[in-house]
Amino acid sequence: MNHDHIDYDAFFAEKISELKDQGNYREFAELARHAGNYPHARRYTGSGEEIGDVAIWCSNDYLGMGQNAAVLKAMTDAIKAYGAGAGGTRNISGTSHPVVTLERELADLHGKEAALVFTSGYISNEATLSTLAQVLPNCHVYSDALNHASMIQGIRHSRATKTIFKHNDPADLERLLREADPSVPKLVAFESVYSMDGDIAPIKEICDVAELYGAMTYLDEVHAVGLYGPRGGGIAEQEGLMDRLTVIEGTLAKAFGIMGGYISGSAVLIDVVRSFAPGFIFTTALPPAIAAGALASVRHLKESNAERIRHQDRAARCKRELKKVGLPVMDSESHIVPVLVGDPVRCKEASDLLLSEYGIYIQPINYPTVPKGTERLRITPSPLHDDVMMDRLVTSLAEVWQRLGLDLVS
Ligand SMILES: *Cc1c(COP(=O)(O)O)cnc(C)c1O
C-alpha cells in the first residue's frame, strides 16, 4: 500500500507565514536585567551576542519588587535553608512550610478563611473556574466580554453553560440573570483592572446584581494585587468590598515580582478546589524559595505604601507628558498607559524602532491580545522610572511617531 504522507512541517510553516502576513507574528526580546539597576537591561541578538543596554517600559513587575532587597534576601536564605526544587506535587512531598505560610498570608490579605497557591495565575484561573463550574450541577457561568484567556479556558474546560455579558456592564448582567432559571447555580467571573485598556470594573454594582440573583462572584485581581488598597489587597480592598466576593484570585508574578498564582475564599470552597482540580493536584508545587520570596513581597507591600504612591505618581506623570506632545494616550483609570497605533504592522515598526535606535523596550500589543484595529504600545511606568528616563521616553516616542507618520491628537 502506498501512503502519501502528510508533510506536517509544511503545514506548520504555512500557519506561521499566515501570522507574518497579518503582522501578528510575535518576536521576543532577549534581555538580561541588571539586579540593582532595574529597569535597565542588556539586550541580545537572536544568535546570543550582546547588542547594548535598553530601558524596559513594558514590564508587569509593576513596582520593581523583583529587585527588592528583602525579597532577594528571603529567596537566597530559603535556597540555603531548603535547597532548590519543591520535590513533588503538594500531595507527594511538595507542601513546604513557606508555601503554607504564604497561603495564610494571602488569606489574610483578602480577608478570607483560606487561600490556595498554584504555579501561575493562569493555572489558578483555569483550574478553579473549570473545577467550580464542573462540581456544581448545571452551573451557568456569566463571563465579562474582555476576560483573560485563562478564565475563558477554565470556563470552557468545565463544559458549563456560558453567557458573555457586556464589558463592565452590570445592567447587561442583570438583564441576563433575570432571564435565568432561579434554581441553577450561577457564577459571575470578571476582573478588577483590565490590563490592556487599564479600565476598572464596577465591582460593587456587579456584586449587587450577583447577590440579587444568588450568583457566586469570581474576581481576577491579577493587575491590582500589591498595587491598590491600603495593604495591597487590590481594588476590592480599596473599595471595602472584599467580603462581597466569593473568590478573589491573584498572581505572585506581577506586582509581587516573583511567580505563582492563588485563589482566596471560604475554607470549604478552597478545600473543593484543592481536592478536585487536576491543575492543582497533578503538578509539582512551587519551590520553597519562590514561595519565600513571594511571602516577603506580600508582607512588604502590606506594610508599605511608598511603592504604591510613587507608582501612581509615575503613571499619572507619564500620561500627562505623553498627552502634552499629542501622543494618542488611550483613556485609562489605572496605572496602565496604552498608546494607540491602530495597525499591527506599524505597531511592530514603532516598537522595533524604539528598541533598535532609542534603547527603549516596549512590546507591541497586537491581536489576539487586543481587538484588531486597536493595536497599541502598552507602557507600564514603575517607581524606578525617574523623570529623566520618562522625558527621554516622551521625546523618543514623539520622534518615532513623526518618522512613521503616525497620527497625533491635537
Ligand atoms: C497575566 C494574567 C493572568 C495570569 O497570571 P500569571 O501569573 O502570569 O500566569 C491572569 N489573569 C490576567 C488578567 C492576567 O493579565
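First listed ligand is number 1; within each ligand, the first listed atom is number 1.
For Y213, the OH atom counts as densely surrounded, since its 6.0 Å shell holds more than 12 non-hydrogen atoms of other residues, nucleotides or ligands.
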Inventory of protein N or O atoms under 3.5 Å from ligand 1 N or O:
from, atom 1, to, atom 2, distance (Å)
ligand 1, 7 (O), G121, N, 2.8
ligand 1, 7 (O), T251, OG1, 2.6
ligand 1, 9 (O), G121, N, 3.1
ligand 1, 9 (O), Y122, N, 2.8
ligand 1, 11 (N), D220, OD2, 2.7
ligand 1, 15 (O), H223, NE2, 2.4
ligand 1, 15 (O), K254, NZ, 2.9

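E357 meets the side-chain hydrogen bond (donor to acceptor under 3.5 Å, both in side chains) test with R403; sequence neighbours excluded.
In this structure, a donor-acceptor pair under 3.5 Å is present between the side chains of E307 and H300. Between the side chains of H311 and S382, no donor N or O sits under 3.5 Å from an acceptor N or O.
A heavy-atom distance below 4.5 Å is found between the side chains of V117 and L106. D197 has its side chain out of reach of S332: every pair of non-hydrogen atoms, C-beta onward, lies at least 4.5 Å apart.
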